[in-house]
Amino acid sequence: MAFENKFVQLRIEKAQTLRDAGINPYCNNSKRNTTIKKYLNVNSDIEHKENKRDEHRHYTVAGRIKLLRVMGKASFLQLEDESGVVQIYVARDHLPENFYNDIFKKNVEVGDIIEVGGYPFVTGQGELSLHASEFRLLTKSIAPLPEKFHGITDKETRYRKRYLDLIMNADVRKTFQIRSKVISLTRRFFEDKGFLEVETPMMHPIAGGANAKPFVTHHNALGIDRFLRIAPELYLKRLIVGGFEAVFEINRNFRNEGMDATHNPEFTSIEFYWAYKTYKDLIEITKEYFLYLFDHLDLPTHLPYGDLEIDFNRFSEVPLIESLHTIGEVPSEIVNDKEKILEFLKSKNISVKNGLSLGQLQGELFDEFVEHKLINPTFITEYPVEISPLARRSDINPDITERFELFIAGREIANAFSELNDPVDQYERFKSQVESKECGDDEAHAMDEDFIEALSYGMAPTAGQGIGIDRLVMLLTNEHSIRDVLLFPAMKPIHNEELNQETEV
RNA sequence: GUCUUGUUAGCUCAGCUGGUAGAGCACGUCACUUUUAAUGAUGUGGCCGAUGGUUCGAAUCCAUCACAGGACACCA
């Protein structure tokens with residue numbers, strides 16, 4: 001039952017006491033006229049004034065009480081709003097008669113949201129504070145906050161009750177402010193380059209554009225199942241067919257797969273498509289994009305990440321096959337021989353699915369021996385065609401594609417290629433994907449005939465790229481779990497809630 | 001999915017090889033008009049994650065389950 005906790009009960013009683021005294025514990029006519037940060041900035045000159053105060057100034061701030069130190073006839077409290085923290089000095093004799101003793105001391109506590117009016121002064125300890133002459137409760141908090149020193153550290157509680165995490169941990173708020181900036185800067189970067197932001201469907205009749213298991217939902221009115229999108233790619237390319245030459249979309253994708261430190265079932269990406277360009281142009285714009293982010297976020301280009309230091313002045317480019325040997329230390333004589341790769345993998349005790357093609361085996365080698373070693377930004381180029389069903393073939397070598405993936409700190413951050421715009425080739429590639437699907441690869445791409453038809457009308461030569469925003473934010477904020485850059489990461493429901501839901505129905 | 005480590009007061013944590021629970025913060029009461037995690041005194045507060053088992057006796061040992069963290073697998 002709600003509110004049964006004894007501390008909550010006590011606070012509810014206090015709220016009632018306030019009502020009985022004619023004070024609304026949930027009033028909404030706040031008179032706040034400045035933020036705490038502005039208050040501190042505007043009054044930074046006070047310490048140089050006579051008596052270190054200016055009784056002619058008057059400000060009204062509001063926020064949550066984070067700390068409360070009652071010392072007889074006067075009290076100090078730390079008041080926090082979104083912009084910052086300020087110390088408030090509350091003295092009995094500067095407030096209406098009996099207010100301090102009967103209302104403030106007895107019924108106001110840590111967690112409450114209040115409004116305070118008064119003048120600026122600097123305390124004996126040298127802290128710019130606000131001397132209260134008006135004090136008003138705005139919102140009575142009836143649930144006690146976590147411990148003032150240790151705060152809340154239990155990860156499960158932090159993710160399930162993110163609001164508490166945000167109240168208690170300023171650095172968590174900072175992380176999400178940076179996340180917001182990254183998205184905003186990304187939007188501005190592409191808009192400034194003439195890209196058009198578009199919104200394409202989240203519910204797809206065919207889950208395409210990536211290899212992944214989709215979530216399924218049902219549309220009652222049409223009586224059909226829909227898939228939550230695993231990627232917007234095929235819709236964005238339809239727009240290129242339609243004549244838009246530069247489009248992007250920043251939004252969620254959904255993949256019905258495992259969860260771990262780098263995977264959440266819903267995640268945010270930007271995908272952008274650029275007509276009359278190739279993947280080589282994408283390498284250039286990607287470098288430019290990173291510089292833009294670092295510049296506007298004021299980050300060092302030697303970025304610390306855990307124990308690593310990533311050098312964003314050094315982007316390198318390595319073809320995938322070459323990387324197997326030069327980075328992964330796989331003997332170069334085996335990398336183009338299926339049987340030898342299988343032998344090699346066996347000798348390293350690595351088991352792979354039966355019936356993989358050469359390109360797929362090269363992909364396995366890459367994942368196993370190269371990926372985790374790519375710390376500084378590295379564009380791995382020229383992916384095998386078998387693992388790139390939507391990418392354009394190289395004119396020089398039809399077994400490889402004009403594609404790259406960008407790796408930083410051992411993780412894939414972006415995936416990009418010159419788009420396959422030959423409808424017949426695309427049709428054949430889908431067909432071979434469908435064969436894989438029938439052979440048990442439940443993540444292989446499905447046939448999308450409507451997309452083939454769209455391509456048939458002609459899609460200008462185009463380059464397209466996807467960037468995982470969550471992983472990017474992890475890098476930029478030095479976070480090592482995707483849950484720490486998602487406000488509300490996916491969590492299993494706790495058992496009691498499940499039971500309640502069942503019994504309520 | 002596998003392995004592993006957790007789950008004790010609102011929060012942060014103790015609790016040994018079994019003898020029916022402790023601290024700090026918070027909260028109540030008292031003192032205190034310049035504190036900085038204020039201080040001093042005093043008090044309240046627990047279905048020890050859930051269910052079974054072993055035992056005279058379980059927070060503690062065993063099993064199963066739930067949730068979480070980590071690692072691995074899967075996710076090209």
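Chain identifiers are assigned alphabetically (A, B, ...) following the order of the sequence lines, protein sequences preceding nucleic acid strands; residue numbering begins at 1 within each chain. Small disclaimer: the values here were computed from a predicted structure and weren't measured.
Residue contacts for Pro389(A): at a heavy-atom cut-off of 4.0 Å it reaches a base atom on one of the strands shown. Base engagement by Glu127(A) is indicated by at least one non-hydrogen atom pair under 4.0 Å involving a base atom. No contact: Met168(A) has no heavy atom under 4.0 Å from any strand. Ile387(A) comes within 4.0 angstrom of a nucleotide base, judged by non-hydrogen atoms across all strands. Among the heavy atoms of the strands lying under 4.0 Å from Asp260(A) is at least one base atom, whether or not backbone atoms are also near. Among the atoms of the strands shown, base atoms are found under 4.0 Å from some heavy atom of Val70(A). Base engagement by Tyr89(A) is indicated by at least one non-hydrogen atom pair under 4.0 Å involving a base atom. Looking at heavy-atom distances under 4.0 Å, Phe121(A) makes contact with a base. Backbone-only contact: Leu67(A) has heavy atoms under 4.0 Å from sugar-phosphate atoms and none from a base. Gly359(A) comes within 4.0 angstrom of no nucleic acid atom, judged by non-hydrogen atoms across all strands. Contacts of Lys66(A) with the nucleic acid, taken as non-hydrogen atoms under 4.0 Å apart, are absent.
For the pair Phe149(A) and rA37(B), the ring geometry qualifies as stacking, because the centroid separation is below 5.5 Å while the planes lie within an angle under 30°.
If you take atom C1' in rC61(B) and the same atom in rA68(B), they sit 24 Å apart, rounded to whole Å. As rounded to the nearest Å, rC25(B) and rA38(B) have C1' atoms that lie 13 Å from one another. Rounded to whole Å, the C1' atom of rU33(B) lies 24 Å from the corresponding atom of rC27(B). To the nearest whole angstrom, the two C1' atoms, one in rA31(B) and one in rG69(B), are 45 Å apart. Spacing between rU51(B) and rA14(B) at atom P, rounded to whole Å, works out to 24 Å. For rU35(B) and rC16(B), the C1' atoms lie 42 Å apart once the distance is rounded to whole Å. Spacing of P atoms, rC56(B) relative to rU39(B), comes out at 50 Å, to the nearest Å. Nucleotides rG22(B) and rA59(B) place their C1' atoms 12 Å apart, quoted to the nearest Å.
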Exercise. After noting the C-alpha distance and the side-chain angles of Arg136(A) and Glu134(A), does the key distance pass the salt bridge (Lys or Arg N to Asp or Glu O under 4.0 Å) rule?
Worked result: CA-CA 7 Å; Arg136(A) 213 152 62 101; Glu134(A) 292 143 19; over 6 Å; no
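Per the geometry, NZ belonging to Lys105(A) stands 7 Å off P belonging to rA31(B), to the nearest Å.
A 4.5 Å side-chain heavy-atom check between Arg411(A) and Ile408(A) finds every atom pair outside the cut-off. Contact annotation: the side chain of Ile469(A) never approaches that of Phe267(A) to less than 4.5 Å [non-hydrogen atoms, C-beta and beyond].
Of the nucleotides present, rC72(B) is the one that pairs with rG1(B) by Watson-Crick or G-U wobble criteria, both distances under 3.5 Å.
A sub-4.0 Å separation between OP1 or OP2 of rA68(B) and a side-chain N or O of Lys155(A) is absent. For the OP1/OP2 pair of rU35(B) and a distance below 4.0 Å, the side-chain nitrogens and oxygens of Arg69(A) include no atom meeting the criterion. Taking 4.0 angstrom as the limit, Gln125(A) places a side-chain polar atom (N or O) nearer than this to OP1 or OP2 of rU35(B). Here Lys148(A) does not reach the OP1 or OP2 of rC25(B): none of its side-chain N or O atoms lies under 4.0 Å away. In this structure, Arg483(A) reaches the rG69(B) phosphate: one of its side-chain N or O atoms is under 4.0 Å from OP1 or OP2.
You'll find the ring centres of His94(A) and Tyr100(A) outside the 6.0 Å limit.
Of the two residues contacting RNA chain B, namely Thr153(A) and Lys106(A), the nearest-nucleotide position lying further toward the 5' end is that of Thr153(A).
Tyr279(A) and Phe404(A) have tilted rings, their planes meeting at an angle from 30° to 60° on a 0 to 90° scale. Using the six-membered ring where Trp is involved, His131(A) and Tyr119(A) have ring planes that are parallel, under 30° apart on the 30 and 60° scheme.
In terms of polar N and O atoms assigned as donor or acceptor, the side chain of His150(A) never comes within less than 3.5 Å of the base of rC11(B) in a complementary pairing.
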